[in-house]
**Q** 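Here it is, the structure, as structure tokens.
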Amino acid sequence: MKASALSLLAAVGIASAQEQCGFPVSLARSGFESGEQPASVVLPPENTPVTVTIQGPTNASTVGVGAIQVFGTYTGPANTGISVNGVPTLTDGASFVSPRVLLEPGVNTLTIRYATMDAAPVEITRSITYTASATPEVLFAASSPGDYTPTVVPFTLATKFPPMQTVITNVRVDYDGNGTFEVNSTQPTKLEYAYERAGLYVATAIVTFDDGNTGTPPVIVQDQTRVLAQSLAFTRQTLCGVYYAMKNRLVQNQIALAVNTQSPKQQARMTTLWNALANAGRLNAVATKLGPIVDGQIARNTAEMLFAIATATAGEFDGFQVRFRKDVNGVWRIDAM
């Protein structure tokens, strides 16, 4: 599409800023907001070794709930993907949290995969037994594993009275894990919290049960859930890294590596196109003309970016869309362009 408004990019020297990752504009939830997100973040080096530690659930454990989080820590390049049963997790460069995984009664096998743009996936399995009769006395859950900051996350709290207990005398909730209880009540109504800063948060609910007898101690039960408040700037630069990796690999005639930036459905078509351009001696020239990222919209597992190509008229640019999607391993790849 023709984007005459992109002429403003000439004022910031866009032609020379080959690795530019957007120009701040007022677009909600885009990752390009001026003042709302940091202009840039430091990404892990591309040669960072990949390691994944699954902190929960424990292998061969038994749970009494029909949906659980899988969470842990990892190291790796910015575009390290982690998925559970083919569903991408939320990642921030250090921690990962899955959407709640549904379980069937009995033994369940969870398949955790991690991969990078150029490396084949590595698979880990966890065996989890779901026993409905083992329902916990306190179940505290976030409605979502997280989102880009700032974000408001609702929570639910379900309780089951322990033996001999008849009343709930207190409910305390610490949403951000700092030791301060944002909720301290006998009957809390609306459970939600606004996360302003990116990071991993362990939210805790503590419920006090009592039998009404002053001569017996109360029963105190707690449960925790994790929320990953993501950085738009981190994801924005990760996506730009995928685009520029494609461009730079094509400039160097590394077609086999450039194909790794594409989603599986794109790979055969783009390989044919790029080989045809290479055989015609035009690949380097075409790739070099691919302009900088100037704008975009980012969601949890999909994104659209706009890149600019200078026209024959000085100060005017054409804008073209490139779409991204996380694959089944959680790796960002180009899905259409």
Side-chain angles (χ1 to χ4, degrees), residues 19-22 29-33 36-56 69-84 87-99 112-124 142 144-151 153 176-178 195-203 225-246 248 260-261 293 296-303 305 324-334:
E19 299 297 318
Q20 172 138 348
C21 190
R29 308 299 293 172
S30 70
F32 294 86
E33 292 85 351
E36 183 176 303
Q37 297 289 330
S40 63
V41 295
V42 177
L43 300 183
E46 283 301 304
N47 62 353
T48 302
V50 179
T51 63
V52 174
T53 301
I54 302 172
Q55 297 176 321
Q69 285 184 317
V70 180
F71 56 92
T73 60
Y74 74 100
T75 64
N79 195 19
T80 299
I82 303 173
S83 68
V84 181
V87 178
T89 66
L90 277 68
T91 58
D92 68 352
S95 302
F96 70 91
V97 176
S98 77
I112 300 99
R113 293 192 184 94
Y114 61 90
T116 63
M117 195 165 62
D118 294 318
V122 176
E123 188 171 291
I124 305 171
S144 165
D147 204 341
Y148 296 109
T149 56
T151 182
V153 178
D176 55 9
N178 67 353
Y195 292 94
E196 301 291 338
R197 295 178 178 272
L200 175 69
Y201 296 90
V202 180
T225 188
R226 284 160 174 76
V227 174
L228 188 59
Q230 293 182 288
S231 163
L232 276 165
F234 186 95
T235 302
R236 181 187 71 226
Q237 289 185 225
T238 299
L239 292 166
C240 286
V242 177
Y243 170 78
Y244 287 119
M246 176 195 70
N248 295 332
N260 291 343
T261 66
I293 296 290
Q297 294 274 357
I298 301 171
R300 182 187 296 176
N301 295 324
T302 60
M305 297 288 197
F324 301 81
R325 182 180 298 274
K326 283 187 176 183
D327 66 16
V328 295
N329 301 312
V331 178
W332 284 107
R333 299 188 196 272
I334 295 172

**Q** Test Leu228 against Tyr201 for side chain to side chain contact (heavy atoms under 4.5 Å, CB included), laying out the working first.
**A** CA-CA 6 Å; Leu228 188 59; Tyr201 296 90; over 6 Å; no
**Q** Is Ser144 reaching over with its side chain to a backbone N or O of Gly146, donor-acceptor style, under 3.5 angstrom?
**A** yes
**Q** Under 3.5 Å, side chain of Ser98 to main-chain N/O of Val84, donor-acceptor pair present?
**A** no
**Q** What pairs with Tyr74 under ring-ring contact (aromatic ring centres under 6.0 Å, His included), at least two apart in sequence or on another chain?
**A** none
**Q** Looking at side-chain heavy atoms only, is the closest gap between Arg325 and Arg333 below 4.5 Å?
**A** no
**Q** Answer whether the closest heavy-atom distance between the side chains of Tyr114 and Phe96 falls below 4.5 Å.
**A** no
**Q** Is it true that a side-chain atom of Thr151 and a backbone atom of Asp147 form a donor plus acceptor pair closer than 3.5 Å?
**A** no
**Q** I would like to know whether Thr91 and Thr80 meet side chain to side chain contact (heavy atoms under 4.5 Å, CB included); could you show each step before the answer?
**A** CA-CA 8 Å; Thr91 58; Thr80 299; over 6 Å; no
**Q** Does the pair Ile334 and Val242 meet the rule for a side chain to side chain contact (heavy atoms under 4.5 Å, CB included), with working shown?
**A** CA-CA 8 Å; Ile334 295 172; Val242 177; 4.0 Å; yes
**Q** Quick one: does any side-chain atom of Gln69 pair with a main-chain N or O of Arg226 as donor and acceptor, under 3.5 Å?
**A** yes
**Q** Do Phe71 and Leu200 touch side chain to side chain, with heavy atoms closer than 4.5 Å?
**A** no
**Q** Would you say that Gln230 contacts Leu90 through its side chain, given a criterion of any heavy-atom pair below 4.5 Å between the two side chains?
**A** yes
**Q** Under 3.5 Å, side chain of Lys326 to main-chain N/O of Thr89, donor-acceptor pair present?
**A** yes
**Q** Decide yes or no for Glu123 and Ile112: does some side-chain heavy atom of the first lie under 4.5 Å from some side-chain heavy atom of the second?
**A** no
**Q** Using side chain to side chain contact (heavy atoms under 4.5 Å, CB included), reason through Ile82 and Arg113 one step at a time and then give a plain yes or no.
**A** CA-CA 6 Å; Ile82 303 173; Arg113 293 192 184 94; over 6 Å; no
**Q** Is the side chain of Asp327 donor-acceptor paired with the backbone N or O of Asn329 at a distance under 3.5 Å, no angle test?
**A** yes
**Q** Using the side chain to side chain donor-acceptor pair (under 3.5 Å) criterion, which residues pair with Asn260? Sequence neighbours excluded.
**A** Asp118
**Q** To the nearest 0.5 Å, what is the distance between CD (Gln237) and OG1 (Thr235)?
**A** 10.0 Å
**Q** List the atom of Ala303, the atom of Trp332, and the distance in Å for their closest heavy-atom pair.
**A** N-CZ3, 4.1 Å
**Q** Once you round to the nearest 0.5 Å, how far does OG1 of Thr261 lie from CE of Met117?
**A** 6.5 Å
**Q** Could you pull out every donor-acceptor pair under 3.5 Å between side chains of residues 42-50 and any protein atom, sequence neighbours left out?
**A**
{"from": "Thr48", "atom 1": "OG1", "to": "Pro45", "atom 2": "O", "distance (Å)": "2.7"}

**Q** Hey, are the side chains of Pro99 and Val87 touching, using non-hydrogen atoms and a 4.5 Å cut-off?
**A** yes
**Q** Which value, rounded to the nearest 0.5 Å, describes the distance between Phe324 atom CZ and Leu239 atom CG?
**A** 5.5 Å
**Q** Is any side-chain heavy atom of Val331 less than 4.5 Å from a side-chain heavy atom of Thr116?
**A** no
**Q** Side chains of Thr73 and Ser95: donor-acceptor distance under 3.5 Å anywhere?
**A** no
**Q** Write down the atom of Met305, the atom of Arg236, and the distance for their closest heavy-atom approach.
**A** CE-O, 4.0 Å
**Q** When you measure from the side chain of Tyr148 to the backbone of Ala299, do you find a donor-acceptor pair of N or O atoms at a distance under 3.5 Å?
**A** yes
**Q** Work out which heavy atom in Pro88 is nearest to a heavy atom in Gly330; give both atom names and the distance.
**A** CB-CA, 3.9 Å
